[in-house]
Amino acid sequence: MTTAIETSGLSKRYGNLTALDGVNLRVERGEMFGLIGPDGAGKSTLYRILATLASPDTGTAEVCGLDTVRDSRRLRTLIGYMPERFSLYQDLTVEENLRFFATLFGVSVRENYDLIAPIFGQLERFTNRKAGALSGGMKQKLALSCALIHRPEILLLDEPTTGVDAVSRAEFWEMLAGLRRQSITILVSTSYMDEATLCGRIAMMDRGHILALDTPQRLVENLGENLYEASASDMFGLLTRLRAMPGVTDCYTFGATLHVVAGQGFDPARAASALGSYGLGDIRIAPAKGTIEDLFIKLTRDGQQ
């Protein structure tokens, strides 16, 4: 495989805020690569640099072998960029937006329609509707169609599923799987940890740093902790008591339950008995399988120590 995106020592500051701090990243051609992290992790800053919309303070970034600063004009014809916020023209219709972006890149809608047909086909009933009047899911599809209309080699998607319903999220990832079969390299960022498993490889980011990089499966396999799931009739009381219990390294909410990280000598039955002495009822503690979210919590916790 050949490299599609590569950064070396990439840093960017805004005043006293360090948005990126020495980021080294490599994405291979044809990959579906995910950037996973919360708001403020530095994902959008990295995207702006890769999309030639911002320059790094130090370090370098190359996309398709071209420097994002020195070769910015040439590079823009090879990139499709979909920013986090809907950035199309709200007062133009669906069709007008698509034709505008095609004209901007010197192509016609007809010559590249085969690439966007599975996506834009769902908008054909609304071609005369103003973009600002579309639902969140439909805006998402229009933005993706406009980003693809010039048939880019690299697709940069910054938080594309934020603010859309669960059905639209699932549909969007199905569309990305289809685009990957077209040999388009896709770099997609998200703060939804469950979406990480849909990528071939992921980089976990926080506070301008890459904390870990590998396939989702290998990252979880290397979690290397004793993890338990716990619940009780009084969940807040359980959380408080578990955090103070000897042998417990960490305890945090995880959906409707708690996840407990403990040392090697932790005994769930003994812990449940001890917790019952505090008046807690219906206590359940059982081994749990680690997830990407558990790993992210561990990495951020370790980084703050």
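Atom NZ in Lys298 sits 10.0 Å away from atom OG1 in Thr249 (nearest 0.5 Å). One finds the CG atom of Leu275 at 8.5 Å from the CZ atom of Arg241 (value rounded to the nearest 0.5 Å). Glu174 CD to Leu179 CG: the interatomic distance, rounded to the nearest 0.5 Å, is 12.0 Å. Atom CD in Glu31 sits 10.5 Å away from atom CD1 in Ile154 (nearest 0.5 Å). Taking OG from Ser189 and CD1 from Ile202, the interatomic distance works out to 12.5 Å, rounded to the nearest 0.5 Å. Taken from CD in Glu6 to CD in Glu28, the straight-line distance is 8.5 Å, to the nearest 0.5 Å.
Residues Val188 and Leu148 share a single hydrophobic cluster, defined by chaining ILVMFWY side chains whose heavy atoms lie under 4.5 Å apart. The same ILVMFWY cluster, assembled from side-chain heavy atoms under 4.5 Å apart, contains both Leu198 and Leu155. Under the 4.5 Å side-chain contact rule for hydrophobic residues, Met245 and Phe254 do not share a cluster. No single ILVMFWY cluster, assembled from side-chain heavy atoms under 4.5 Å apart, contains both Met204 and Leu35. Met205 and Met32 fall into different hydrophobic clusters, where Ile, Leu, Val, Met, Phe, Trp and Tyr side chains are chained together by heavy-atom contacts under 4.5 Å.
Judged by distance alone, the side chain of Lys43 and the main-chain N or O of Gly37 form a donor-acceptor pair under 3.5 Å. No donor-acceptor distance shorter than 3.5 angstrom exists from the side chain of Thr253 to the backbone of Leu258, with no hydrogens or angles considered. In terms of modelled atom types and a separation under 3.5 Å, the side chain of Tyr228 and the main chain of Ala262 share no donor-acceptor contact. Using a distance-only test at 3.5 Å, with no hydrogens or angles considered, no donor-acceptor pair links the side chain of Asp67 to the main chain of Glu62. Looking at Thr18, its side chain never comes within 3.5 Å of a backbone N or O of Asp21 through a donor-acceptor pair. Asp165 contributes a side-chain N or O that, together with a main-chain N or O of Ser168, makes up a donor-acceptor pair within less than 3.5 Å. No side-chain donor-acceptor contact under 3.5 Å links Asp294 to the backbone of Gly290. Using a distance-only test at 3.5 Å, with no hydrogens or angles considered, a donor-acceptor pair links the side chain of Thr7 to the main chain of Leu25. Remark: side-chain polar atoms of Arg180 are paired, donor with acceptor, to backbone N or O of Gly30 under 3.5 angstrom. In this structure, the side chain of Asp206 does not engage the main chain of Thr300 through any donor-acceptor pair within 3.5 Å.
A donor atom on one side chain and an acceptor atom on the other are found under 3.5 Å apart for Thr52 and Arg76. In summary, the side chains of Thr93 and Asn128 do not present any donor paired with an acceptor at a separation below 3.5 Å, with no hydrogens or angles considered. No side-chain donor-acceptor contact under 3.5 Å links Glu159 and Thr190.
Between Arg151 and Asn112, the shortest heavy-atom contact is NE-OD1, 3.1 Å. Shortest non-hydrogen contact noted between Ile36 and Phe296 is O-CE1, 4.2 Å. Of all non-hydrogen atoms in Leu238 and Ser231, the two that sit nearest each other are CD2-C, 3.4 Å. What you find for Ile292 and Pro216 is that their closest heavy atoms are CD1-O, 3.9 Å. Residue Phe172 comes nearest to Thr161 through the heavy atom pair CD2-CG2, 4.0 Å, listed as atom of the first residue, atom of the second, then distance. Taking all atoms of both residues into account, the shortest heavy-atom contact from Arg26 to Phe33 is O-CE1, 4.1 Å.
A heavy-atom distance below 4.5 Å is not found between the side chains of Leu78 and Pro152. Put simply, the side chain of Tyr81 does not reach to within 4.5 Å of the side chain of Leu157, judged on heavy atoms. Looking at Leu239 and Tyr252, their side chains never come closer than 4.5 Å, going by heavy atoms from C-beta outward. By the 4.5 Å heavy-atom criterion applied to side chains, Thr3 and Val27 are not counted as neighbours. Side chains of Val63 and Thr68 form a contact here, defined as non-hydrogen atoms less than 4.5 Å apart. Put simply, the side chain of Ser108 does not reach to within 4.5 Å of the side chain of Tyr113, judged on heavy atoms. Val260 has its side chain out of reach of Asp250: every pair of non-hydrogen atoms, C-beta onward, lies at least 4.5 Å apart. Ile285 places a side-chain heavy atom less than 4.5 Å from the side chain of Ile283.
Seen from the ring of Tyr14, Lys12 counts as a face-on cation partner, given the 6.0 Å and 45° thresholds.
Atom CG of Asp114 has more than 12 heavy atoms from other residues, nucleotides or ligands within 6.0 Å.
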### Message
Between Val248 and Val261, is the side chain to side chain contact (heavy atoms under 4.5 Å, CB included) condition met? List the steps.
### Response
CA-CA 6 Å; Val248 172; Val261 181; over 6 Å; no

### Task
Tell me, with the steps shown, if Asn226 and Gln264 meet side chain to side chain contact (heavy atoms under 4.5 Å, CB included).
CA-CA 7 Å; Asn226 292 325; Gln264 292 293 335; 3.5 Å; yes

### Query
Under the side-chain hydrogen bond (donor to acceptor under 3.5 Å, both in side chains) criterion, do Asp57 and Ser11 qualify, and how do the steps go?
CA-CA 6 Å; Asp57 294 333; Ser11 297; over 6 Å; no

### Message
Under the criterion salt bridge (Lys or Arg N to Asp or Glu O under 4.0 Å), I'd like the reasoning laid out for Asp282 against Arg284: C-alpha separation, chi angles, the key distance, then a yes or no.
### Response
CA-CA 6 Å; Asp282 196 22; Arg284 300 179 184 180; 3.6 Å; yes

Output side-chain donor-acceptor pairs under 3.5 Å for residues 133-147, partner residues at least two apart or in another chain, one line each.
unit_1: Ser135; atom_1: OG; unit_2: Met138; atom_2: N; d: 3.3
unit_1: Gln140; atom_1: NE2; unit_2: Pro160; atom_2: O; d: 3.0
unit_1: Lys141; atom_1: NZ; unit_2: Glu171; atom_2: OE1; d: 3.2
unit_1: Ser145; atom_1: OG; unit_2: Lys141; atom_2: O; d: 2.9

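Checked for salt-bridge contact, Asp194 and Arg169 meet the test: a charged N lies under 4.0 Å from a carboxylate O.
Taking the six-membered ring where the residue is Trp, Tyr89 and Phe100 present perpendicular rings, their angle passing 60° and hence far from 30°.
Shown are Leu115, Ile149, Thr127; of these, the side chain to side chain contact (heavy atoms under 4.5 Å, CB included) with Phe120 is made only by Thr127.
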